[in-house]
Amino acid sequence: MKTFTCGSLVPGCDWHTQHEDEAEVVRRAVEHLHSAHEEEKVRPDMVERIKERVKDA
Ligand SMILES: [Zn+2]
């Protein structure tokens, strides 16, 4: 199981998600960043930064 905590990227945010598939965790994280943090564009380096913070649960 993979897990991502938004607070590791956006200090103060307690949103988190987990899924067995890392790609799904990244997809959900990108969706959250769009909806909760008004990221108009998620750049390629944003995806890399998410991936670096995905942990095994
Ligand atoms: Zn967040």
Side-chain angles (χ1 to χ4, degrees):
M1 191 70 86
K2 302 289 186 181
T3 184
F4 172 77
T5 301
C6 189
S8 65
L9 191 59
V10 182
C13 182
D14 64 0
W15 182 90
H16 59 89
T17 190
Q18 62 177 24
H19 196 276
E20 62 187 13
D21 183 0
E22 181 184 14
E24 176 65 12
V25 171
V26 172
R27 192 193 68 75
R28 290 180 185 182
V30 167
E31 194 173 87
H32 166 76
L33 286 162
H34 274 298
S35 63
H37 302 300
E38 299 179 347
E39 290 283 335
E40 301 219 345
K41 283 184 199 169
V42 176
R43 299 158 298 170
D45 75 315
M46 177 71 79
V47 172
E48 290 305 310
R49 286 158 70 193
I50 293 167
K51 284 182 179 175
E52 285 171 6
R53 291 166 172 80
V54 172
K55 295 197 165 59
D56 292 308

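Order of appearance sets the numbers: ligands from 1, and atoms from 1 within every ligand.
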Chemist: How many angstroms lie between CD in Glu52 and CZ in Phe4, if you round to the nearest 0.5 Å?
Modeler: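 Atom-to-atom, Glu52:CD and Phe4:CZ are 11.0 Å apart.
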Chemist: Quick one: do Cys13 and His32 satisfy side chain to side chain contact (heavy atoms under 4.5 Å, CB included)? Show the steps, please.
Modeler: CA-CA 11 Å; Cys13 182; His32 166 76; 3.6 Å; yes
Chemist: So how far is it from Cys6 SG to His37 NE2, rounded to the nearest 0.5 Å?
Modeler: 3.5 Å
Chemist: What are the protein N/O/S atoms, named by residue and atom, that sit under 2.8 Å from the Zn ion (ligand 1)?
Modeler: Cys6 SG, Cys13 SG, His32 NE2, His37 NE2
Chemist: Verify side chain to side chain contact (heavy atoms under 4.5 Å, CB included) between Ile50 and Val30, making sure each step is shown before the conclusion.
Modeler: CA-CA 8 Å; Ile50 293 167; Val30 167; 3.8 Å; yes
Chemist: Output the distance between atom CG (Leu9) and atom CG (Leu33), rounded to the nearest 0.5 Å.
Modeler: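 Rounded to the nearest 0.5 Å, the CG-CG separation comes to 6.0 Å.
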Chemist: Which atom pairs, donor and acceptor, lie under 3.5 Å between side-chain atoms of residues 14-27 and protein residues at least two apart or in another chain?
Modeler:
| unit_1 | atom_1 | unit_2 | atom_2 | d |
| --- | --- | --- | --- | --- |
| Thr17 | OG1 | Arg28 | NH1 | 3.3 |
| His19 | ND1 | Asp21 | N | 3.0 |
| Asp21 | OD1 | Ala23 | N | 3.1 |
| Glu24 | OE1 | Arg27 | NE | 3.1 |
| Glu24 | OE2 | Arg27 | NH2 | 3.0 |
| Glu24 | OE2 | Arg28 | NE | 2.9 |
| Arg27 | NH1 | Glu31 | OE2 | 3.2 |

